[in-house]
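Since we're looking at a predicted model, the values are computed, not measured. Residues take their numbers from the sequence shown, with the count starting at 1.
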Amino acid sequence: MSLFREISKTLFLTLASLNLGISSGLEWLGILFAIGFIYLGIRDTRHGNGYGLEGNGATSKNPRYRKAWAYGAIVPCAIWWVLTPGVDYGVSPWLVFIPGFYLCFLALIQKRSLGNGGYEAFVAFDGCAVLLCSFFQAGRPGVITGIVALFFALVAYSRPKTALWKHLLFILLFVCFGFSAYGGWQYWKNHRSYHGSWGRDYYEKNRVMGFDPVVSLGSFSSNYHSRYNGQVVIRVWDTLAPEYLKGAVYEKYVAGIWKLPPKPEKKLYPSRYNVDYAVFEIGDSLAVPEKSCAIWVQTAMDNFGFMFAAPGAVGVAAKNADSLDYYNTGIFTGVNGNRSDWYYFVLNDEFAGAESVGIGPAIMDTDLNFLHIAKPYEGLIDSIAVEMGLVSQNPDTTAFAIRQYFRNNFKYSLVVPGVHHHWHRHKEGSPKEEPLRHFWTAKGGYCEYYATLAVLLLRHQRIPARYVTGFAHPERVAGRPYVQYRRHHSHAWVEVYARGTWLPFDPTPPIPAASFKSPSWFQTKWEGIQGRFAFFFHFLKEGEWRRTVDDWQSITQRMLESPFFYGGLFAFICIIFLLKLRKNRANHRTIKSQISDSSKDLIRKLDTAEKYFAKYGIVRNAGETVEQFQARLYKICETGKDEHFVGQLEKYKEMFANIETYNNLRWKNLKMNVKRDNYRR
């Protein structure tokens with residue numbers, strides 16, 4: 001039974017390491033650890049008392065446990081983690097697999113040194129942790145293998161003579177609880193955003209509204225009225241970050257809903273890769289270091305596939321992206337998956353020009369989309385234009401008149417009386433509760449209403465205009481290398497076509513300072529720490545320095561394929577071996593010299609003492625050992641049989657001490673492997 005327990009320990013550790021290798025896709029590494037555990041299991045079985053149980057399955061011959069190995073292994077694991085690519089959505093599996101392999105290494109060196117600094121309890125703990133890590137993203141074979149390994153762990157470490165049915169019952173309970181926990185997790189993941197107050201709170205916290213292919217007027221309301229309206233959702237790492245960060249540009253307004261253009265201008269594919277980021281350009285060789293500047297954007301929101309960028313951006317870079325859509329309104333969207341960060345590129349001053357503004361080409365006469373006004377709104381817009389006194393078709397004059405009218409007759413308000421998020425229509429299709437009509441009557445509202453009405457008024461005057469959503473007026477803190485946008489910085493404004501290009505126009509009156517709560521001193525400091533930590537980890541995982549690592553990996557691969565590398569490695573090992581051999585010989589000569597000098601000194605003391613006692617007729621007999629001779633001298637002195645020493649007691653004690661020293665140290669001296677009966681004088 002004891003032998004079976006030892007075999008079970010080896011099988012448990014072997015299966016756990018193999019399962020971890022299969023789950024992580026690094027089968028070769030799992031096999032290496034498995035071979036190590038098998039070797040140690042065979043060693044412990046052979047070196048034990050027949051069952052490998054002497055000293056917890058080990059003997060004093062096991063190598064000593066070195067803590068430096070355990071602590072030193074953290075460094076390559078940390079470098080490994082830094083070099084692994086991150087994920088934009090979900091948890092990176094390497095956050096589980098790398099600690100699993102580290103624990104596998106700890107179990108290996110603990111088992112290697114059992115009885116000499118290593119402990120069976122630590123081996124069992126590390127092995128169980130490795131087994132749990134191996135279940136992460138494991139397929140059906142991996143789950144079955146893990147359950148078998150769990151059975152062997154129970155046999156190996158449970159109380160002796162435990163019935164087999166108890167082991168099987170424990171595994172059955174483990175499997176049932178595991179499947180129920182997994183099912184609960186799946187249910188929570190699929191239903192967390194749809195049911196109950198918690199679901200509503202989760203949705204409110206993790207969604208920033210107003211950015212979608214189709215948005216309803218008033219969608220920013222949840223951003224402003226939410227208790228999370230002070231949450232930092234975007235950081236732009238540029239001290240000269242734009243005042244307006246564009247996300248989406250909409251074309252048609254129908255029944256209270258803004259819609260994107262029906263199709264993008266073109267599909268963009270990666271022109272090159274910047275470390276792990278695919279670079280998408282709107283023109284050939286625009287987003288290159290010689291012409292443009294790359295600005296890093298970090299976000300904590302669901303961006304609905306839109307790549308927020310400064311007006312005039314000539315490209316973007318996204319990780320794990322294969323394509324995206326580019327609209328002639330200057331927006332990038334359609335990227336697969338959610339984004340936690342990206343780059344956008346803006347041209348340097350010497351390359352910036354009207355032809356590369358990046359927000360669309362010159363408008364064509366046949367393009368009437370930016371003059372479109374739905375029929376249900378024509379009468380409302382006509383009456384508003386008359387009341388405002390709009391008669392000019394000059395973009396600057398009309399935009400100025402609209403802004404002045406809003407500032408003189410309207411006030412900024414987070415609530416528009418009579419407007420609800422869900423409103424119905426008449427059967428004939430006209431709106432029953434039109435938000436713009438309520439806004440015009442109440443003479444108060446927020447950016448979406450001002451921008452929408454301004455776009456329709458400009459189009460009424462035959463001036464091309466479009467509706468833009470994004471973030472505006474960022475929070476700038478002295479000393480920070482970035483600006484940040486909070487949830488309540490979500491904003492809507494207008495782009496007007498004037499002087500051959502599209503220009504931003506913000507008709508919203510100034511926002512009162514009391515509209516939103518200012519962050520506290522502590523919150524500001526804490527957000528600064530969070531921002532710098534985010535950049536630090538971004539630099540470690542995605543920084544430009546990884547290009548050097550990639551180049552070094554290419555060089556290393558070429559070296560490994562060269563026979564000269566292996567020849568040099570063999571020569572290096574030979575040189576190290578010869579140097580080690582030479583050092584050992586020098587140490588041996590030094591020790592031998594020390595032994596020789598010490599031995600000579602002891603022999604000299606013995607010889608002096610024997611000559612002294614020989615003058616008085618006391619001689620060590622043939623076959624008499626030094627220890628026996630010392631005992632005889634002690635009896636002579638104790639009984640007083642020899643009167644020669646009566647007047648020389650001090651000299652006698654000195655010579656007696658010489659013999660006593662020799663007798664005590666002759667075996668304790670440095671490797672004096674000399675039998676005690678060989679010293680004869």
Side-chain angles (χ1 to χ4, degrees), residues 2-48 51-53 56-59 61-63 65-66 69-70 72-74 76-77 80-81 84 93-158 167 171 174-175 178:
S2 300
L3 178 60
F4 183 65
R5 290 171 69 90
E6 283 300 309
I7 294 175
S8 297
K9 292 178 185 179
T10 302
L11 290 176
F12 158 60
L13 295 170
T14 301
L15 291 176
S17 57
L18 286 174
N19 206 36
L20 181 64
I22 294 172
S23 298
S24 63
L26 298 176
E27 292 84 356
W28 63 271
L29 190 54
I31 292 173
L32 286 180
F33 279 114
I35 293 173
F37 287 124
I38 293 173
Y39 166 76
L40 294 177
I42 296 174
R43 182 207 65 178
D44 291 345
T45 303
R46 294 180 60 187
H47 290 175
Y51 297 100
L53 298 178
N56 271 340
T59 69
K61 295 181 180 180
N62 288 350
Y65 177 74
R66 305 288 182 182
W69 289 15
I74 296 176
C77 287
W80 184 10
W81 176 79
T84 54
W94 295 109
L95 293 178
V96 177
F97 293 141
I98 294 177
F101 282 115
Y102 175 68
L103 291 169
C104 209
F105 174 75
L106 291 183
L108 187 68
I109 62 175
Q110 283 279 350
K111 188 170 180 60
R112 172 182 176 270
S113 303
L114 286 178
N116 200 8
Y119 296 94
E120 191 73 64
F122 290 142
V123 176
F125 175 82
D126 294 335
C128 291
V130 171
L131 184 61
L132 290 176
C133 292
S134 70
F135 279 111
F136 187 77
Q137 293 187 353
R140 185 176 302 174
V143 173
I144 296 174
T145 304
I147 293 174
V148 174
L150 179 63
F151 171 76
F152 285 118
L154 290 174
V155 174
Y157 298 109
S158 62
H167 291 153
I171 292 177
F174 177 85
V175 172

Checklist entry - What are the two closest non-hydrogen atoms of L13 and V123, and how far apart are they? => result CD1-CG1, 3.8 Å
Item to check | Residue pair A70 / L106: nearest heavy atoms and the distance that separates them | outcome: CB-CD2, 3.6 Å
Residues 21-42 side chain polar contacts: donor-acceptor under 3.5 Å, at least two apart:
| from | atom 1 | to | atom 2 | distance (Å) |
| --- | --- | --- | --- | --- |
| S23 | OG | N19 | O | 3.0 |
| S23 | OG | S134 | O | 2.6 |
| S24 | OG | L20 | O | 2.9 |
| S24 | OG | G21 | O | 3.2 |
| S24 | OG | L26 | N | 3.4 |

Checklist entry - Shortest non-hydrogen contact from Q110 to F122? => result NE2-CD1, 3.7 Å
Checklist entry - Do you know the tightest heavy-atom contact between P63 and R43? => result CD-NH1, 3.9 Å
Next on the checklist: Could you work out, with ring-ring contact (aromatic ring centres under 6.0 Å, His included) as the rule, every residue matching W69, not counting sequence neighbours?
Outcome noted: none
Checklist entry - For I98, what residues pass the side chain to side chain contact (heavy atoms under 4.5 Å, CB included) criterion, not counting sequence neighbours? => result C77, W80, W81, T84, W94
Checklist outcome for this item: Sorted by chain and number, sequence neighbours left out, side chain to side chain contact (heavy atoms under 4.5 Å, CB included) with A73 holds for Y102, F105
Checklist entry - Roughly how far, to the nearest 0.5 Å, is the SG atom of C128 from the CG atom of L103? => result 11.0 Å
Checklist outcome for this item: Residue set satisfying side chain to side chain contact (heavy atoms under 4.5 Å, CB included) with A156, at least two apart, ordered chain then number -> S8, K9
Checklist entry - Out of curiosity, C104 SG to I109 CD1, how far, rounded to the nearest 0.5 Å? => result 11.5 Å
Checklist outcome for this item: For R112 and N62 the tightest heavy-atom approach is O-CB, 3.6 Å
Item to check | Pairs touching residues 139-152 that satisfy side chain to side chain donor-acceptor pair (under 3.5 Å), sequence neighbours left out | outcome: none
Checklist entry - Hey, does Y65 have a side-chain heavy atom less than 4.5 Å from the side chain of N116? => result no
Checklist outcome for this item: side chain to side chain contact (heavy atoms under 4.5 Å, CB included) filter on L11, not counting sequence neighbours, yields I7, F152
Item to check | Heavy-atom neighbours of F125 CZ exceed 12 at 6.0 Å | outcome: no
Item to check | Any side-chain heavy-atom pair of V155 and F4 under 4.5 Å | outcome: yes
Checklist outcome for this item: To the nearest 0.5 Å, atom OH of Y157 lies from atom CZ of R5 at 9.5 Å
Next on the checklist: So which atom in L15 and which in A149 form the shortest heavy-atom distance, rounded to 0.1 Å?
Outcome noted: CB-CB, 3.7 Å
